[in-house]
Amino acid sequence: MDSAEFHAAVYETVRLIPVLKVTSYGHIAKLIGMPNHSRHVGQALKFLTPDTNPPVPWHRVVSSSGAISSRGPGTAGARLQGDALEAEGVEVTVTAAGERRVNFAVCGWFPEPGTV
DNA sequence: CGCCTGACTGTTG
DNA sequence: CCAACAGCCAGGC
């Protein structure tokens with residue numbers, strides 16, 4: 001699988017995430033058969049732009065702990081992701097440190113590979 | 001070929 | 001809950 005196929009696989013999988021559900025980078029990696037490529041899932045997602053077509057609901061992908069990883073300077077990206085999730089009706093918790101996280105117990109989506 | 005980086009993860013104390 | 005560590009691997013230099 002080359003880089004382009006990897007990206008495509010990640011995008012396809014992310015589009016499978018139901019509304020009001022979120023999952024983790026690591027799980028996306030497992031679903032596409034590459035359990036050790038969690039970092040590259042993030043790399044594939046950052047390659048996306050608001051104009052990407054068809055659209056990919058990347059905001060439904062967070063770290064394994066449910067926290068939204070801050071990328072780049074400040075919390076701009078994480079804030080936008082949190083807003084996008086809230087806009088869809090997902091419960092987003094904001095800690096005292098301003099860190100955004102989602103409640104996996106309520107909206108976690110972790111199907112076993114092969115069952116999707 | 002080696003070294004560093006990163007939208008990561010799991011274990012340990 | 002948080003910090004430190006140790007794996008992980010493609011991509012840029």
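Bear in mind the structure is a predicted one, so any value in this text is a computation, not a measurement. Scope of the values below: all heavy atoms of this structure, side chains included, with no hydrogens, waters or symmetry mates.
One interatomic measurement links the two molecules: CZ of A:Arg101 to P of B:dA7, which rounds to 18 Å at whole-angstrom precision. Between the NZ atom of A:Lys46 and the C1' atom of C:dG11 there is a distance of 9 Å, given to the nearest Å. The nearest whole Å value for the distance from the CD atom in A:Glu99 to the C1' atom in C:dC1 is 11 Å. Summarising the geometry, the separation between CZ on A:Phe47 and C1' on B:dG6 is reported as 17 Å, rounded to the nearest angstrom. In this structure, A:Asn36 places its CG atom 15 Å from P of C:dG11, rounding to the nearest Å. If you take NE2 of A:His7 and P of C:dA10, they are 12 Å apart, rounded to a whole angstrom.
Contacts with DNA chain B (heavy atom under 4.0 Å) in residues 105-116 of chain A: none are found.
Distances shorter than 4.0 Å separate some side-chain N or O of A:His37 from OP1 or OP2 on C:dA10. Close to C:dG11, at under 4.0 Å from its OP1 or OP2, lies a side-chain N or O of A:Ser3.
Evaluation of the ring-ring contact (aromatic ring centres under 6.0 Å, His included) test over residues 14-33 of chain A, restricted to residues two or more places apart or in two chains, returns A:His27-A:Phe110. Evaluation of the side chain to side chain donor-acceptor pair (under 3.5 Å) test over residues 78-97 of chain A, restricted to residues two or more places apart or in two chains, returns A:His59-A:Glu88, A:Arg60-A:Glu88, A:Arg71-A:Gln81, A:Arg79-A:Asp83. Each salt bridge (Lys or Arg N to Asp or Glu O under 4.0 Å) pair with one or both residues in residues 103-116 of chain A, not counting sequence neighbours, would appear here, but there are none.
Residues passing the ring pair (Phe, Tyr, Trp, His ring centres under 6.0 Å) test with A:His37 are A:His40, sequence neighbours excluded.
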Taking protein heavy atoms under 4.0 Å as touching, what does nucleotides 8-13 of chain B look like 5' to 3' if B marks base contact, S marks sugar-phosphate-only contact and - marks none? BSS---
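Each of A:Leu16, A:Val14, A:Val62, A:Ile28 was evaluated against A:Thr23; a single residue qualifies, A:Ile28, per the side chain to side chain contact (heavy atoms under 4.5 Å, CB included) test.
With contacts defined as side-chain heavy-atom distances shorter than 4.5 Å, the pair A:Val22/A:Val61 does not qualify. Within the 4.5 Å cutoff, the side chain of A:Pro113 has heavy atoms near those of the A:Leu31 side chain.
Both A:Leu20 and A:Leu85 are part of a single hydrophobic cluster, where members link through side-chain heavy atoms under 4.5 Å apart. Two different hydrophobic clusters hold A:Trp58 and A:Phe104 under the rule that ILVMFWY side chains link at heavy-atom gaps under 4.5 Å.
Separation of the C1' atoms belonging to B:dC1 and C:dC13 is 12 Å when rounded to the nearest angstrom.
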